[in-house]
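Counting starts at 1 for both ligands and their atoms, in listed order.
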Amino acid sequence: MTIIGIDKMSFFSPHQYIDMVELANARGEEPNKYLIGIGQTEQAVIPATQDVVTMAANAADEMLTASDRKKITMILFATESGIDNSKSGAVYLQRLLGINPYARTIELKQACYAGTFALMQARDYVTLHPDEKVLVVASDIARYGLQTSGEVTQGGGAVAMLVAANPMIAEINQDSQFLSRDIMDFWRPVYADTARVDGKYSSNVYQDFFKTVWTRYKAKTGRDIADFKALAFHLPFTKMGLKALRDILPEATDEQQVALMDEFEASRVYNKRIGNLYTGSLYLSLYSLLDNSQSLKAGDRIGMFSYGSGAEGEFYSLTLRPHFSAGLVTGQIDTLLANRQYVTIADYEKIFNNQLKGAADREFDFKGDPAKFVLHGLKNEQRQYICN
Ligand code: CAA
């Protein structure tokens, strides 16, 4: 049977960041609360010249060949911070990236979970149409507001994944177990540009959903923790994944516990420095794991836990392919992080309050933004995108 899965992955986050020690000092908190208690060291700062469309375009552009662009017949755009209540972000991508016009374009939403649903839809589509490719993007800006308890868990960026037959990175196994429950742990009403959250409750529900789908997964598949070389988690902040992992670590031998903890550390290297990117967080964590693990090899099974508030949880597995590292853009995230510009907390606050809002025409100076795709402003209530 033809193997279907993730062929390539690429990541983008804007060129500025703040330091979590400085944010802690500015907010009158102990730095170790942010560094250890939350598990974040830096946070991406999103300028007015980037939105979910430009971030997704910047991520996908770096991995797509001319042949990929011709073969893509579907673009699935997962986001919970979309820019329009009608038109999908995927249509903009089709034009900006020069993708085959005979492609379907659609946006998907269920909090941070939609990227996983998009990936499953892509896999099933390519199973039926193995000569075609599907572009999945998960792009978000996590905004809670200045001086809120969620501020330390902000961030933003986009992960792009190409789903194809005979993939380079990993097979997406047909073993998902999922759970939905109508709750209010985190949401964003249509009139609001920042999330509403019941923080402690959301963390408890996350852990509860993980344990429930994990237990169901084991019962349905007959597998147990010994079958996994690593587990990757949705990481709204990296301590969240650690809490979930600790819930099931006692099921492993002492030796495997050490190995799983090592892989977990590898899986949060990048997320610690970017922050939350909602739909893309689990996939940045996967990228971090693949890039930073010292011991993963072909054939290894990786457990994936996806969580979207409101709420939906899913656990599934990936099986690594022989040349999985070749599916990542070499050195991409190290270069991105090395080139980021530090900003002070005072400047970050100004940038945070200078986002595109309202219907009036506006123009942003995009010369300081080194990204290829930028948002130039708003004209006649239409976003103006530019290829730099
Ligand atoms: N040294 C080390 N650790 C310290 C410390 C210190 N000096 N001071 C405090 N800590 C620890 C605390 O003990 C606590 O650890 P535990 O959770 O293990 O008990 C941790 O730091 C955080 O402290 P608080 O609980 O007091 O923090 P808080 O009340 O300020 O809020 C938060 C934390 C609830 C995560 C808040 O940042 C928030 O609401 N974030 C947004 C919501 C969120 O991310 N929820 C996650 C699940 S929902 C989801 O996953 C979807 C999504 O993407 C949003």
Side-chain angles (χ1 to χ4, degrees), residues 18 20-21 23-41 43-44 52 78-81 109-117 138-159 178-189 192-213 232-247 249 264 267-268 271-272 274-285 304-315:
I18 48 169
M20 286 302 98
V21 173
L23 184 67
N25 289 336
R27 301 299 180 243
E29 297 280 7
E30 267 288 302
N32 278 344
K33 173 176 172 182
Y34 287 7
L35 299 176
I36 301 166
I38 297 288
Q40 295 301 131
T41 56
Q43 184 177 107
V52 291
T79 188
E80 57 182 300
S81 44
K109 177 177 68 189
Q110 174 30 58
C112 308
Y113 166 73
T116 298
F117 182 78
S139 184
D140 268 306
I141 299 171
R143 277 171 74 87
Y144 291 88
L146 302 177
Q147 302 184 21
T148 63
S149 63
E151 185 179 26
V152 62
T153 68
Q154 294 180 149
V159 177
F178 31 83
L179 172 72
S180 303
R181 200 181 294 151
D182 180 9
I183 58 163
M184 297 302 280
D185 61 327
F186 168 107
W187 67 103
R188 184 168 65 84
D193 72 350
T194 50
R196 310 302 190 242
V197 64
D198 188 340
K200 294 266 164 25
Y201 177 53
S202 69
S203 302
N204 291 338
V205 176
Y206 176 115
Q207 280 177 271
D208 179 38
F209 268 56
F210 172 59
K211 283 182 279 187
T212 305
V213 291
F233 295 88
H234 167 54
L235 295 178
F237 53 97
T238 76
K239 174 81 170 288
M240 190 71 252
L242 182 60
K243 286 183 182 203
L245 179 59
R246 280 180 178 156
D247 281 339
L249 265 189
F264 177 73
S267 80
R268 65 169 169 167
N271 302 65
K272 275 185 177 181
I274 298 292
N276 197 357
L277 53 145
Y278 292 160
T279 49
S281 286
L282 169 60
Y283 298 97
L284 176 60
S285 179
M304 302 283 289
F305 176 60
S306 184
Y307 178 74
S309 292
E312 177 90 23
E314 180 161 334
F315 186 88

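Side-chain N/O atoms of Asp140 and Thr279 include a donor and acceptor closer than 3.5 Å.
Between Tyr206 and ligand 1, no pair of N/O atoms sits closer than 3.5 Å. The shortest N/O to N/O separation between Lys33 and ligand 1 falls below 3.5 Å. Distances between N or O atoms of Tyr278 and those of ligand 1 include no value under 3.5 Å. For ligand 1, the polar-atom distance check against Lys239 finds a nitrogen or oxygen pair separated by under 3.5 Å. Among the atoms of Tyr307, none of the N or O lies under 3.5 angstrom from an N or O of ligand 1.
At a 4.0 Å cut-off, not a single heavy atom of Glu29 sits close enough to ligand 1 to count as contact. Using 4.0 Å as the threshold, Lys243 has a heavy atom nearer than that to some atom of ligand 1.
Arg196 places no side-chain N or O within donor-acceptor distance of the main-chain N or O of Pro189, the cut-off being under 3.5 Å. In this structure a side-chain-to-backbone donor-acceptor pair under 3.5 Å is present from Asn271 to Ser281. The backbone N or O of Gly145 lies less than 3.5 Å from a partner atom in the side chain of Gln154, making a donor-acceptor pair.
Residue Asn276 touches ligand 1 through its side chain alone, judged by heavy-atom distances below 4.0 Å. Residue-level proximity to ligand 1 for Cys112 is carried by the side chain, the only part with a heavy atom below 4.0 angstrom.
The Gly199 neighbourhood of ligand 1 comprises atoms 34 (C), 39 (O), with distances under 4.0 Å to a heavy atom of that residue. Remark: ligand 1 atoms within the under-4.0 Å shell around heavy atoms of Ser309 are 48 (S), 49 (C), 51 (C). Heavy-atom proximity to Phe186, at under 4.0 Å, picks out these atoms of ligand 1: 54 (C).
Atom OH of Tyr307 sits about 14.0 Å away from atom CD of Glu314, to the nearest 0.5 Å.
Distance from atom 40 (N) of ligand 1 to its nearest protein heavy atom, with residue and atom name: Thr153 OG1, 3.4 Å. Distance from atom 36 (C) of ligand 1 to its nearest protein heavy atom, with residue and atom name: Ser149 O, 3.4 Å. In this structure, atom 42 (C) of ligand 1 lies nearest to the protein heavy atom Val197 CG2, 3.6 Å. Taking atom 53 (O) of ligand 1 as the reference point, the nearest protein heavy-atom neighbour is His234 NE2, 2.9 Å. Among all non-hydrogen protein atoms, the one lying nearest atom 25 (O) of ligand 1 is Lys200 CE, 3.1 Å. Protein heavy atom at the shortest distance from atom 22 (C) of ligand 1 is Ile38 CD1, 3.9 Å. Regarding atom 45 (N) of ligand 1, its nearest protein heavy-atom neighbour is Ser202 OG, 2.9 Å. Scanning the protein heavy atoms around atom 20 (C) of ligand 1, the nearest turns out to be Gly37 O, 3.4 Å.
Within a 4.0 Å radius of atom 16 (P) of ligand 1, the protein contributes at least one heavy atom. Closer than 4.0 Å to atom 4 (C) of ligand 1 lies at least one heavy atom of the protein. Proximity of atom 12 (C) of ligand 1 to the protein is not indicated, since no non-hydrogen protein atom lies closer than 4.0 angstrom.
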Could you go through Met304 and Tyr283, starting from their C-alpha distance and side-chain angles, then the distance that decides it, and tell me whether this counts as side chain to side chain contact (heavy atoms under 4.5 Å, CB included)?
CA-CA 9 Å; Met304 302 283 289; Tyr283 298 97; 3.7 Å; yes

Please evaluate residues Glu312 and Ser180 with respect to the criterion side chain to side chain contact (heavy atoms under 4.5 Å, CB included), reporting the C-alpha separation (whole Å), side-chain torsions for both, the decisive distance (0.1 Å), and the verdict.
CA-CA 4 Å; Glu312 177 90 23; Ser180 303; 2.5 Å; yes

Start with the C-alpha distance between Phe178 and Phe117, add both sets of side-chain angles, then the distance that settles side chain to side chain contact (heavy atoms under 4.5 Å, CB included), and finish with yes or no.
CA-CA 11 Å; Phe178 31 83; Phe117 182 78; over 6 Å; no

Test log, rule side chain to side chain donor-acceptor pair (under 3.5 Å), inputs Tyr206 and Ser309:
CA-CA 8 Å; Tyr206 176 115; Ser309 292; over 6 Å; no

Yes or no on side chain to side chain contact (heavy atoms under 4.5 Å, CB included) for Tyr144 and Asn276, after CA distance, side-chain angles and deciding distance?
CA-CA 11 Å; Tyr144 291 88; Asn276 197 357; 4.2 Å; yes

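Looking only at side-chain heavy atoms (C-beta outward), Lys239 and Gln40 stay at 4.5 Å or farther from each other. You'll find the side chain of Phe210 stays beyond 4.5 Å of the side chain of Gln207, heavy atoms only.
Counting all heavy atoms, side chain and backbone alike, Val159 lies closest to Leu284 at CG2-N, 3.8 Å. The shortest heavy-atom contact between Gly313 and Phe209 is N-CD2, 3.5 Å.
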